[in-house]
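All remarks here apply to the structure that follows.
Whatever order the structure lists them in is the order used to number ligands and atoms, beginning at 1.
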Amino acid sequence: MTKLVICNWKMNGSVQLVDSFISSLPQSNDSCWNLVIAMPHVFLSYVNSKSPRFKLAAQDCSIYGGFGARTGEISADILASIGVEYIIVGHSERRAHGDDVESVYAKMENAVRCNITPILCVSDDYESQITNRTEELLRRRRDAVILAYEPVSAIGTGVTPSIDDIRETITRLRSRYGVNSIAYGGSVTSDNAQDVMGINGISGALVGGASLKLRELSAILNPREFI
Ligand code: 13P
């Protein structure tokens, strides 16, 4: 199965950094992964025009769909028009700053309507983050959504759950919500990426801090070259 390495750059980056990534990132050796780039919105078209081999992701989208007088908002429809294939929704860093379950649902619904795969982030309190409506959407679109298990305690801390714990939670999420694709995020680095990506049934990993360091990301993608 081809797994996704989803690089969440968060509020980081520059044109210079984007350029160095495009020119230096290794190609997949054996197509065991697909690289998904979740850079800030402003870089996405630029990346696509320079190197269409990357899959584009947005880190968020508006709760509003379509087009119109919504100053500062970026809709899933606009993101679809530039070739975005994935949108991260409900990241804990956004939930901490105001995204509630209803707005996360609205973003997810807009992504699905635009044929974009939402990557719905949940933490250990996923039962309270996934409302009945969200669950219904997850089940209805089970092949077109990704659920991302991102324990808040692991994000940016260097402290991850054990591989067994991640495997167990992923299995629990799959049987509870029926979603086919489940990814993990939280302090994934070149030290643990092989173990994380090797978990049976995992669809990929969201990589935050390590995805901003070219050498680190290269080691995650092609570990054999760095042994
Ligand atoms: P870190 O890899 O920096 O812990 O961030 C993970 C994350 O938030 C991915 O969405």
Side-chain angles (χ1 to χ4, degrees), residues 3-14 17-18 21 25 33-41 43-44 47 54-61 74 79 84-99 103-104 107-108 111 116-126 129-130 134 145-163 165-167 169-170 173 179 181-199 202-221 223 226:
K3 303 199 175 185
L4 302 176
V5 177
I6 303 159
C7 301
N8 181 5
W9 275 22
K10 310 188 180 185
M11 196 174 69
N12 292 296
S14 61
L17 190 61
V18 173
F21 267 68
L25 271 183
W33 46 258
N34 268 323
L35 195 56
V36 180
I37 305 281
M39 290 172 176
H41 289 139
F43 298 133
L44 294 174
V47 171
F54 300 121
K55 292 184 173 295
L56 301 185
Q59 297 175 16
D60 190 35
C61 70
I74 299 181
L79 294 166
V84 166
E85 295 180 57
Y86 301 89
I87 302 178
I88 297 172
V89 296
H91 193 283
S92 59
E93 288 156 10
R94 296 210 59 87
R95 291 184 195 265
H97 293 282
D99 275 16
S103 51
V104 172
K107 292 173 182 195
M108 201 174 147
I116 296 176
T117 302
I119 301 171
L120 173 64
C121 298
V122 294
S123 186
D124 286 309
D125 52 344
Y126 57 83
Q129 294 175 327
I130 300 179
T134 304
V145 298
I146 297 174
L147 200 50
Y149 171 50
E150 293 211 329
V152 172
S153 57
I155 295 178
T157 59
V159 182
T160 62
S162 70
I163 293 296
D165 286 346
I166 297 173
R167 184 189 301 108
T169 305
I170 283 175
L173 286 169
V179 171
S181 297
I182 306 198
Y184 168 81
S187 293
V188 174
T189 65
S190 59
D191 289 337
N192 59 20
Q194 270 193 295
D195 292 337
V196 170
M197 297 290 270
I199 293 174
I202 202 167
S203 304
L206 284 94
V207 186
S211 74
L212 284 156
K213 299 178 198 130
L214 192 48
R215 204 182 146 75
E216 226 350 64
L217 182 57
S218 300
I220 290 171
L221 297 174
F226 288 82

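- Residue contact check: N8 has heavy atoms under 4.0 Å from atoms 9 (C), 10 (O) of ligand 1.
- The closest approach between a heavy atom of S92 and any atom of ligand 1 is not below 4.0 Å.
- When only interatomic distances are considered, the shortest N/O to N/O separation between G185 and ligand 1 does not fall below 3.5 Å.
- Considering OG of S92 and CG of D125, their distance stands at 9.5 Å, rounded to 0.5 Å.
- At a 4.0 Å cut-off, at least one heavy atom of G156 sits close enough to ligand 1 to count as contact.
- Less than 4.0 angstrom separates some heavy atom of G186 from each of these atoms of ligand 1: 4 (O), 6 (C).
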Checking L212 against K10 for the side-chain contact (heavy atoms from CB on, under 4.5 Å) test, could you report, in this order, the C-alpha distance in whole Å, the side-chain angles of both residues, the deciding distance, and whether it holds? CA-CA 10 Å; L212 284 156; K10 310 188 180 185; over 6 Å; no
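- With respect to atom 5 (O) of ligand 1, the closest heavy atom belonging to the protein is K10 NZ, 3.2 Å.
- For ligand 1 and A154, the ligand atoms under 4.0 Å from any heavy atom of the residue are 4 (O).
- Note that NE2 of H91 is 11.0 Å distant from NE2 of H97, once rounded to the nearest 0.5 Å.
- An N or O contact shorter than 3.5 Å links G208 to ligand 1 by distance.
- Of all protein heavy atoms, the one lying nearest to atom 10 (O) of ligand 1 is E150 OE2, 2.8 Å.
- Residues W33 and L221 share a closest heavy-atom pair of NE1-O, 2.8 Å.
- Atom CD1 of I166 sits about 4.5 Å away from atom CD1 of I199, to the nearest 0.5 Å.
- Put simply, CG on L214 and CZ on F21 are 5.0 Å apart, with the number rounded to the nearest 0.5 Å.
- Taken from CG in N8 to CD in Q59, the straight-line distance is 5.0 Å, to the nearest 0.5 Å.
- The shortest side-chain heavy-atom distance between P151 and Y184 falls under the 4.5 Å cut-off.
- Both the backbone and the side chain of I155 come within contact range of ligand 1, each with a heavy atom under 4.0 Å.
- Under a 4.0 Å criterion applied to the non-hydrogen atoms of S187, ligand 1 contributes the atoms 1 (P), 2 (O), 4 (O).
- Considering both main-chain and side-chain atoms, H91 comes within under 3.5 Å of ligand 1 through a nitrogen or oxygen pair.
- A distance of 10.5 Å separates CD1 of I146 from CD1 of I182, quoted to the nearest 0.5 Å.
- Nearest protein heavy-atom neighbour of atom 3 (O) of ligand 1: G209 N, 2.8 Å.
- Those atoms of ligand 1 that come under 4.0 Å of a heavy atom in L206, given as number and element, are 9 (C), 10 (O).
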